[in-house]
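The analysis underlying the following values was restricted to heavy atoms, covering all of them including side chains, and did not include hydrogens, waters or symmetry mates. In what follows, chains carry the letters A, B, and so on, assigned in the order in which the sequence lines appear, proteins first and then strands, with residues in each chain numbered from 1.
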Number of protein chains: 2
Amino acid sequence: MLKMARKSRASGSSVENGSMEKQADRIVQTLKSKKLRVTPQRFAVYANLLDRTDHPTAEQILHDLNQNAPTSSQATVYTSLQALRDVGLVREVLLEEGVCRYDANIAPHHHFRCKSCGKIEDIAWEQFQGIDLQRLRSGLKVEDYELTVRGLCDRCDRAS
Amino acid sequence: MLKMARKSRASGSSVENGSMEKQADRIVQTLKSKKLRVTPQRFAVYANLLDRTDHPTAEQILHDLNQNAPTSSQATVYTSLQALRDVGLVREVLLEEGVCRYDANIAPHHHFRCKSCGKIEDIAWEQFQGIDLQRLRSGLKVEDYELTVRGLCDRCDRAS
DNA sequence: TCTTAAATAAGAATTATTCTGAGTTTATAG
DNA sequence: CTATAAACTCAGAATAATTCTTATTTAAGA
Ligand SMILES: [Mn+2]
Ligand SMILES: [Mn+2]
Ligand SMILES: [Zn+2]
Ligand SMILES: [Zn+2]
């Protein structure tokens with residue numbers, strides 16, 4: 001069970017290229033910098049999330065990780081996600097009722113969700129500069145904000 | 001069980017004032033206009049939601065309605081909310097993981113959520129005019145959007 | 001290498017929501 | 001004012017997502 005993380009840190013086998021190793025090292029350093037122990041399960045969850053941009057659910061991550069060899073239990077995927085969220089390495093994205101999605105992109109950004117296929121896409125922060133939060137009711141102290149845009153993605157728009 | 005809706009339509013008793021009646025009539029008309037049958041339970045759910053601005057959960061509505069006499073079952077509160085949402089008379093507000101809140105304010109508006117006490121407050125649509133959706137990646141067809149602002153409310157800001 | 005606080009995992013528990021099916025009610029048409 | 005049929009309600013069962021419990025294992029520092 002430990003193999004994977006070990007392997008990523010040890011100098012790789014024949015087919016592995018250097019960039020994957022470097023990425024693994026970066027993940028290890030990131031976790032350590034947050035005082036999180038580097039376990040194979042936690043590593044796998046975070047690496048998986050960093051590797052995708054589709055804002056998966058816990059269930060989808062679990063399925064993806066265990067699709068070949070068993071890697072993490074359900075409970076561990078949930079607690080890994082909580083730990084990663086608690087230290088600010090991942091955030092949750094709430095756009096549908098009863099569905100909690102996760103995102104390793106912690107830079108401020110907005111989201112677009114296709115009403116037809118459910119696809120979620122990041123919108124760069126710079127896309128919406130003009131937002132003037134000063135005009136909010138006085139008394140409210142703003143810490144952060146985010147825009148949610150809904151509509152049709154390319155594919156679904158064409159199909160309809 | 002039927003009493004409440006009947007009473008609201010019949011010419012009122014001694015203590016009732018006219019505006020409550022008118023409000024009840026308006027609700028009845030609104031439901032009819034959406035081709036929803038006017039049942040006491042559905043009326044109660046919608047009236048309750050129109051009467052508050054705190055974006056309650058289904059559970060909170062249920063509790064509120066049944067606090068004196070039994071009014072609606074849990075299943076009925078859920079299906080009433082679904083029916084009201086399906087015809088566009090209420091919308092759901094998703095700001096916390098695993099919590100679905102409801103809102104009878106269907107005019108476009110934004111939300112503020114206090115990170116400390118969880119209070120949710122509406123932000124008028126006009127507050128943020130400057131948002132330029134044209135700058136979105138071409139290919140995405142925008143249908144609507146909403147801003148979520150997080151921070152501290154008056155009370156929590158003062159207390160901290 | 002030793003030590004131990006932290007993490008994992010299987011399965012039970014909890015919680016929110018939906019489903020089922022039998023009985024009731026609303027709205028309408030005669 | 002009835003009769004009728006589709007729509008609705010409700011109790012309780014079912015489902016699904018997430019959390020909890022606890023015994024066992026492990027990462028990482030001394
Ligand atoms: Mn994102
Ligand atoms: Mn609102
Ligand atoms: Zn789509
Ligand atoms: Zn507050």
Novice: Can you check the B:Asn66 CG to D:dA11 C1' distance for me, whole Å?
Specialist: 14 Å
Novice: Check whether any side-chain nitrogen or oxygen of A:Arg37 sits under 4.0 Å from OP1 or OP2 of D:dT26, and answer yes or no.
Specialist: no
Novice: Is there a side-chain polar atom (N or O) of A:Thr39 under 4.0 Å from OP1 or OP2 of C:dT8?
Specialist: yes
Novice: Quick check for you: among D:dT9, C:dA7, C:dT17, whose closest atom lies nearest to any side-chain atom of A:Glu97?
Specialist: C:dT17
Novice: Taking only nitrogen or oxygen atoms into account, show me every contact under 3.5 Å that the protein makes with nucleotides 23-25 of chain D, one pair per line with its distance.
Specialist:
none

Novice: Between A:Leu36 and A:Glu59, just flag the one whose closest nucleotide in DNA chain D comes earlier from the 5' side.
Specialist: A:Glu59
Novice: What pairs meet the salt bridge (charged side-chain N to carboxylate O under 4.0 Å, His left out) rule with one or both residues in residues 65-86 of chain A, with sequence neighbours excluded?
Specialist: A:Arg85-A:Glu92, A:Arg85-B:Glu97
Novice: In residues 74-89 of chain B, what residues come within less than 4.0 Å of DNA chain D, judged by heavy atoms?
Specialist: B:Ala75, B:Thr76
Novice: How about A:Arg26 and A:Gln29: does a side-chain donor come under 3.5 Å of a side-chain acceptor?
Specialist: no
Novice: Got a sec, which pairs hit side-chain hydrogen bond (donor to acceptor under 3.5 Å, both in side chains) with one end in residues 123-134 of chain A, sequence neighbours left out?
Specialist: none
Novice: Can you check the A:Glu92 CD to D:dT18 C1' distance for me, whole Å?
Specialist: 12 Å
Novice: Would you tell me whether B:Asp122 and B:His55 have side-chain atoms, one donor and one acceptor, within less than 3.5 Å of each other?
Specialist: yes
Novice: Separation of B:Gln41 atom CD from D:dA7 atom C1', in whole Å?
Specialist: 12 Å
Novice: Counting N and O atoms only, with roles assigned by atom type, does the side chain of B:Thr148 sit under 3.5 Å from a partner on the main chain of B:Glu146, one being a donor and the other an acceptor?
Specialist: no
Novice: What residues, two or more places apart in sequence or in another chain, satisfy side-chain contact (heavy atoms from CB on, under 4.5 Å) together with B:Glu121?
Specialist: A:Arg137, A:Leu140, B:Phe112, B:Lys119
Novice: Which class fits the ring pair A:Phe128 and A:His110: parallel under 30°, tilted 30 to 60°, perpendicular over 60°?
Specialist: perpendicular
Novice: Going by the salt bridge (charged side-chain N to carboxylate O under 4.0 Å, His left out) test, which pairs reach into residues 38-58 of chain B, not counting sequence neighbours?
Specialist: B:Arg52-B:Asp54, B:Arg52-B:Asp64
